[in-house]
Amino acid sequence: MRPHFGPVRDCFHDLFSTGRETGAGLAVWYDGRPVVDLVAGVGRPGRQWAPDTLVNVYSVGKPVAALCLLALVDRGRLDLDDPVADHWPGFRAPATVRQVLSHTAGLPAFPVPRPAGAVADWDLLCADLAAAEPQWEPGTVAGEHAWTYGHLVGELVRRVDGRPVGRFLADEIAGPWRLDLAFGLGAADQRRCAELSYADPGWPARALGEPGSLRARALGNPAGGLDLAVLNSPLWRGAEVPAVNLHGTAAALARLYAGLLAGGVLDGVRLFGPDLVAEATRTQYDGPDLVLDRRACWTLGMQREPDGSWGMGGIGGSSAWADPERGYTFAYATARLADHDRVDDLVEALHSCL
């Protein structure tokens, strides 16, 4: 790590000494180069967090899924303003590819209650979505498609390309850019996974919100998305649930965003054209979000902040984004699910170094 970024290192280690963190990774690129790459704590009982420890980063995976579909847009295989039904016969909602990517398609929750085991049944959940009536007229308002996003985006990838989204990610993005990121882990990679835990046993109930609310339906179906017995199981780690179960490292996420910040090229390997990156990070919707219950500014897969930065945070504390104005990318990957104040403190320390 570069000495200039000592305050970031100190803040990171303070999280552990004060008991606010138990296991995590932190990575920062600045001016096109890696400047911070730290890991600490315990990944799972009896095993220290290592540079190759994988962790479920929840919604931080949504932009990664979006990039798989955007790669196909960049290659001319489909257009952002195509109706979804043009590529997915039988898809009922009159939504476009752009509306799916920007959380305005009107399908923020799976319409049929499903048990935890349904996370492994891709075809079942996609059939539920294809038959669903939208909750609002597509394009008129946003509501984070908390679970459904990955199946909507991933099924479009499969229909257009023929490969499942996890295979597409491995072949077309993670492989060429050397990123330790995946949807659906094999047995060997599952042995590298950190065990998720809660800082507060009451946190899952607070995260779901009021029973019966749109937020609760968006986050709570299929069952098990906030149940540690499910989240730490081979079923969950082996399934492809691209909206919420990307497994990866902070170093890989910061590296991914560095490639995007450079206009789609990393180590001489171009995966995206600069025009596509500009469109993908441009504001598509800015207004009330019916699931988040606050104002949100959505790009094609990410959130955009007032300072011009773009990226995504995951429920529980993981986060990854790029700040074009200051010239850095940042990623934090944690196994201790709690609120986002840890990230806030780390970013404050980072900004003090710039």
Side-chain angles (χ1 to χ4, degrees), residues 1-3 5-6 8-30 33-61 64 166 169-170 173-199 228 231-239 244-259 266-267 313-314 316-321 329-338 342-343 345-346 349-350:
M1 193 196 81
R2 296 196 174 191
F5 292 90
V8 180
R9 176 201 56 216
D10 295 343
C11 181
F12 179 70
H13 288 302
D14 282 349
L15 296 177
F16 293 86
S17 64
T18 58
R20 296 168 64 196
E21 184 57 271
T22 55
L26 170 67
V28 177
W29 282 52
Y30 178 64
R33 298 184 299 274
V35 295
V36 175
D37 188 359
L38 300 169
V39 298
V42 175
R44 57 199 309 170
R47 185 175 300 177
Q48 293 297 301
W49 198 289
D52 69 344
T53 295
L54 300 174
V55 65
N56 189 145
V57 292
Y58 274 111
S59 287
V60 177
V64 180
L169 172 63
I173 299 176
W177 274 3
R178 296 185 289 115
L179 307 173
D180 200 357
L181 302 170
F183 297 124
L185 301 178
D189 285 333
Q190 288 192 32
R191 289 192 286 272
R192 297 195 284 137
C193 286
E195 295 277 330
L196 300 183
S197 64
Y198 292 132
L228 294 179
L231 298 171
N232 291 321
S233 72
L235 170 76
W236 179 266
R237 292 170 178 165
V244 288
N245 88 335
L246 180 75
H247 286 77
T249 67
L253 288 163
R255 181 175 170 82
L256 171 69
Y257 276 84
L266 184 64
D267 291 344
S318 294
S319 194
W321 71 84
T329 71
F330 172 101
Y332 186 71
T334 177
R336 190 177 196 238
L337 305 180
R342 293 163 292 176
V343 169
D345 290 350
L346 289 165
L350 173 60

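Atoms considered below: every heavy atom in the structure, side chains included; atoms not considered: hydrogens, waters and symmetry mates. We count residues from 1, following the sequence as given.
Side-chain atoms of Q190 come within 3.5 Å of backbone atoms of L185 as a donor-acceptor pair (strictly under, hydrogens ignored). The backbone N or O of D14 lies less than 3.5 Å from a partner atom in the side chain of T18, making a donor-acceptor pair. For S59 (side chain) and V244 (main-chain N/O), no donor-acceptor pair under 3.5 Å exists by modelled atom type. At least one donor-acceptor pair under 3.5 Å links the side chain of H247 to the backbone N or O of N245. At distances below 3.5 Å, at least one donor-acceptor pair connects side-chain atoms of R44 with backbone N or O atoms of R191. One N or O on the side chain of S318 and one on the backbone of T334 form a donor-acceptor pair closer than 3.5 Å.
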Begin with the C-alpha distance, continue with both residues' side-chain angles, and end with the deciding distance and a verdict on side chain to side chain contact (heavy atoms under 4.5 Å, CB included) for L196 and V55.
CA-CA 8 Å; L196 300 183; V55 65; 3.8 Å; yes

Are L350 and Y30 close enough, and set up right, to give a side chain to side chain contact (heavy atoms under 4.5 Å, CB included), and what steps lead you there?
CA-CA 10 Å; L350 173 60; Y30 178 64; over 6 Å; no

Take T249 and D52 through the side chain to side chain contact (heavy atoms under 4.5 Å, CB included) test and state the conclusion after the steps.
CA-CA 7 Å; T249 67; D52 69 344; 5.6 Å; no

So R237 and L54, side chain to side chain contact (heavy atoms under 4.5 Å, CB included) or not? Walk me through it.
CA-CA 10 Å; R237 292 170 178 165; L54 300 174; over 6 Å; no

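Residues W177 and L256 have side chains in contact (heavy-atom distance under 4.5 Å, counting atoms from C-beta outward). Considering only heavy atoms from C-beta on, R47 stays 4.5 Å or farther from V42 through its side chain. Annotation: side chain of L231 is not in contact with side chain of E195 (no heavy-atom distance under 4.5 Å). Taking the side chain as every heavy atom from C-beta outward, V64 and L169 approach each other to under 4.5 Å. Contact of the L246 side chain with the L181 side chain is registered, since non-hydrogen atoms from C-beta on lie closer than 4.5 Å. V36 places a side-chain heavy atom less than 4.5 Å from the side chain of L38. Counting only heavy atoms from C-beta outward, the side chains of F330 and W29 never approach each other to under 4.5 Å.
Between R255 and D37, no side-chain nitrogen of the basic residue sits less than 4.0 Å from a carboxylate oxygen of the acidic one, so the salt-bridge criterion is not met.
A pairwise comparison of heavy atoms in G19 and R336 identifies O-NH1, 3.2 Å as the closest pair. In terms of heavy atoms, R342 sits closest to G317 at NH2-CA, 3.8 Å. S197 and T22 get closest at one heavy-atom pair: OG-OG1, 4.4 Å. When all heavy atoms are compared, the tightest approach of A24 to Y332 is CB-OH, 3.5 Å. Closest approach of A252 and D180 over heavy atoms only: CB-N, 3.4 Å. Nearest heavy atom pair, residue V57 against residue A333, reads CG1-CB, 4.0 Å.
Ring pair Y58/W236 is tilted by interplanar angle, where 30° to 60° counts as tilted. Ring orientation note: the planes of F16 and F12 are nearly perpendicular, at an angle over 60° on the 30°/60° scale.
L346 contributes atom CG, which lies 5.0 Å from atom CG of L15 (distance to the nearest 0.5 angstrom).
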